[in-house]
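To start, the structure itself, in structure tokens.
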Amino acid sequence: MSKNRKTKIGLVSISDRASEGTYRDKGIPALEDWLKQALLSDYETVSALIPDEQPLIEATLKRLCDEDGCDLILTTGGTGPSRRDVTPEATLAVATRVMPGFGEQMRAVSLAFVPTAILSRQVGVLREIEDHAALILNLPGQPKAIAETLQGLPSKGIHGIFAAIPYCIELIGGPSIETRPEIVKVFRPKSAELPEIIEKQVIEPAEGKADSAFIMLHGLGADSSDFAHFREELIACGAPMEQTRFILPSAPVRPISMNNGYPMKGWFDLFSLDNIDKEDEAGLLETWKIIERLIAQEETKGIDRSRIFLGGFSQGGCMALFSALKMTRPIGGIIGISCYLPLMSRYDAEHVGDGILSPIFVGYGKQDNIVPPSFTEISINELRKLGATDLWSKGYPGIEHNMCLEEVQDLSDFLERCLNGNP
């Protein structure tokens, strides 16, 4: 099965009273909320709210694995010592192999809060059939304890169990799972293959280990080869990027409306360059999700977020500026070349993420014959209105829709300032 397919996750809340409607179930909503916050990769959930009946629990777990094809099954409730708490027994009854480390770590996390954690009988198991396998984990019943168990206590050096779940799923033949590092940082051995997010060219430092990363997005109809020598050009102009990893993604092929639907590599659809009243919001959000995953992957590799840069030319630059609005945390710098800010009328300062606080560089040709300079200038003003406090911009006289040496030099100076921490 493909490692890039959507992950299917089963959520089972086990409670006599909640299943009878005596009180509102909190387990499944808590799991759904946590997964929404933590996961970057695509997933779907299948839910079940059932009473503490061992035969029914067993049947539900079997169905979720064998018929629904769930890769991960999370149960909540029914793991204590009372006679009606039979979730561990039902889980072990359907298991092919036991994964004792999960239960041990769940209790270790809970013990940091309450001594009664030793009363929990949570287990982790595998259920394997001929052409599929699932990881089944028993979680606590309370929403706060669910989140603590999954993401751990990083400030106290206690790992949550989800740090190990994606690699386990991959080992049993399941899809790759990516997370937001600020919620939970997934651990994979250095030898493990990272999820393939998008077709891309990666240029590592000539010697030594990368200490920073630059994600550069090409323009409409181009591909990653457009910026294959960009690092060398920046270094020649003084940018301290000898140890920077360059990630050069290639956009997927899609029909472009302003070109009569002709398919070409593009980050989103374009309807006109004369005005931007009609925009492809769905395409912009789709590409933003790819960018978010690329940034998270660099964090997973050990690159500090303050040393990760996102740049782009033309349509790629539009995506870089749009990403400043969507990021929840700043990065090292955002670079937009010969571009404009998409969907600028849809956002206000209250609904923009802290990515807007990243250092921002915007450069454009004063005689740009593709993206009207007025679009870029309006975008610069709008970025400032939305909260950009560290924004450097410049229009270059006589330059059309391309970069000039002066612009590369200015960008190199900007990158040197960001990498060296100079105000």
Roughly how far apart are Y340 OH and D368 CG, rounded to 0.5 Å?
12.0 Å
Determine, stepwise, if the pair I303 / D211 fulfils side chain to side chain contact (heavy atoms under 4.5 Å, CB included).
CA-CA 6 Å; I303 304 297; D211 65 6; 5.5 Å; no
Heavy-atom closest contact (A320 atom, L310 atom, distance):
CA-CD2, 3.9 Å
Thinking salt bridges, do R5 and D71 make one under a 4.0 Å N-O criterion?
yes
Measure the spacing between CG of L135 and CG of L137 and express it to the nearest 0.5 Å.
4.0 Å
So CG of D66 and CG of D131: to nearest 0.5 Å the spacing works out to 9.5 Å
Looking at R107, E104, Q105, which one forms a side-chain contact (heavy atoms from CB on, under 4.5 Å) with Q122?
R107
Polar side-chain atom of R127 near backbone of I136 as donor-acceptor pair, under 3.5 Å:
no
Run the salt-bridge test on E298 and K301 with the 4.0 Å N-O cut-off and return the result as yes or no.
yes
Candidate pair F313 and H401, rule side chain to side chain contact (heavy atoms under 4.5 Å, CB included), full reasoning
CA-CA 9 Å; F313 174 78; H401 195 63; 3.9 Å; yes
Once the angle between the rings of F246 and F214 is folded into 0 to 90°, is it parallel (under 30°), tilted (30 to 60°) or perpendicular (over 60°)?
parallel
With rounding to the nearest 0.5 Å, note down the distance linking SG in C318 to CD in E279.
8.5 Å
Under a 3.5 Å distance rule, please check whether S41 uses its side chain to pair with a backbone N or O of E178 as donor and acceptor.
yes
Would you find a donor on one side and an acceptor on the other, under 3.5 Å apart, between the side chain of E67 and the backbone of K62?
no
Please give me the minimum heavy-atom distance between L40 and T179, naming the atom from each residue.
CD1-O, 3.4 Å
Count the heavy atoms of every other residue, nucleotide or ligand shown that sit under 6.0 Å from NZ of K278, and state whether that count exceeds 12.
no
Less than 4.5 Å apart, side chain to side chain, heavy atoms only: is that true for Y396 and D410?
yes
So, Q367 side chain and G398 main chain: donor-acceptor pair closer than 3.5 Å or not?
yes
Between W288 and M327, is a side chain to side chain contact (heavy atoms under 4.5 Å, CB included) present by the stated rule, with each step listed?
CA-CA 9 Å; W288 154 241; M327 291 178 194; 3.5 Å; yes
Residue pair P175 / E170: nearest heavy atoms and the distance that separates them
O-CG, 3.9 Å
Show your reasoning for whether side chain to side chain contact (heavy atoms under 4.5 Å, CB included) applies to F230 and M403.
CA-CA 11 Å; F230 196 40; M403 293 185 72; 4.2 Å; yes
Looking at L126, is its backbone amide N or carbonyl O close enough to the side chain of T96 to form a donor-acceptor pair, meaning the two atoms are under 3.5 Å apart?
yes
Could you tell me whether the side chain of S412 and the main chain of L234 form a donor-acceptor pair under 3.5 Å?
yes
For F162 and L35 the tightest heavy-atom approach is CE1-CD2, 4.5 Å
Is a donor from one side chain sitting under 3.5 angstrom from an acceptor on the other, for Q409 and D413?
yes
Please confirm whether the backbone N or O of F268 pairs with a side-chain atom of Q315, one donor and one acceptor, at under 3.5 Å?
yes
Please check if any side-chain donor atom of T87 sits under 3.5 Å from a side-chain acceptor atom of T79, or the reverse.
no
Mark yes when over 12 heavy atoms from residues, nucleotides or ligands other than K200 sit less than 6.0 Å from its NZ; otherwise mark no.
yes
Please say which of I378, I356, V352 ends up in a side-chain contact (heavy atoms from CB on, under 4.5 Å) with L383.
I356
Show the nearest heavy-atom pair for residues I247 and R245, with the distance to one decimal.
CD1-O, 3.7 Å
More than 12 heavy atoms of other residues, nucleotides or ligands under 6.0 Å from OH of Y262: yes or no?
no
A side-chain contact here means heavy atoms from C-beta on lying under 4.5 Å apart; do I295 and E292 qualify?
no
Is any side-chain heavy atom of D269 closer than 4.5 Å to a side-chain heavy atom of I256?
yes
Side-chain touch V46/L64, heavy atoms, less than 4.5 angstrom:
yes
Is any side-chain heavy atom of S120 less than 4.5 Å from a side-chain heavy atom of M106?
no
Taking atom NZ as the centre, does K394 end up with more than 12 heavy-atom neighbours from other residues, nucleotides or ligands that are less than 6.0 angstrom away?
yes
Between D68 and K8, is the closest basic N to carboxylate O distance under 4.0 Å?
no
Exam field: side chain H218 to backbone S314, donor-acceptor pair closer than 3.5 Å:
no
Check: V371 and S338 side chains under 4.5 Å, non-hydrogen atoms:
no
For the pair R121 (side chain) and G80 (backbone), establish whether a donor and an acceptor sit closer than 3.5 Å, ignoring hydrogens and angles.
yes
Just so I know, are the side chains of F361 and I337 near enough to count as touching, which here means a heavy-atom distance under 4.5 Å?
yes
Quick check: are there more than 12 heavy atoms from other residues, nucleotides or ligands sitting under 6.0 Å from NE2 of H159?
no
Rounded distance (nearest 0.5 Å) linking atom OG1 of T116 with atom CG of L111
8.5 Å
Can you tell me if E377 and Y364 form a side-chain donor-acceptor pair at under 3.5 Å?
yes
Any ion pair linking E182 and R305 (charged N to carboxylate O, less than 4.0 Å)?
no
Min side-chain heavy-atom separation L325-L341 under 4.5 Å:
yes
Name the one of K185, R329, R293 that satisfies salt bridge (Lys or Arg N to Asp or Glu O under 4.0 Å) with E299?
R329
For residues 138-153, run the donor-acceptor check on the side chains, cut-off 3.5 Å, and write out each pair with its distance to 0.1 Å, sequence neighbours left out.
{"from": "N138", "atom 1": "OD1", "to": "V123", "atom 2": "N", "distance (Å)": "3.3"}
{"from": "N138", "atom 1": "ND2", "to": "T75", "atom 2": "OG1", "distance (Å)": "2.9"}
{"from": "N138", "atom 1": "ND2", "to": "T91", "atom 2": "OG1", "distance (Å)": "3.1"}
{"from": "K144", "atom 1": "NZ", "to": "E148", "atom 2": "OE2", "distance (Å)": "2.4"}
{"from": "T149", "atom 1": "OG1", "to": "A145", "atom 2": "O", "distance (Å)": "2.8"}
{"from": "Q151", "atom 1": "OE1", "to": "W34", "atom 2": "NE1", "distance (Å)": "2.6"}

Looking at OG1 of T45 and CG of L31, how far apart are the two atoms once the value is rounded to the nearest 0.5 Å?
9.5 Å
Does any N or O in the side chain of R307 come within less than 3.5 Å of the main-chain N or O of A213, such that one atom is a donor and the other an acceptor?
no
Can you see which heavy atom on C339 is nearest to which on T376, and at what distance?
O-OG1, 2.6 Å
Does CD belonging to E207 count more than 12 external heavy atoms closer than 6.0 Å?
no
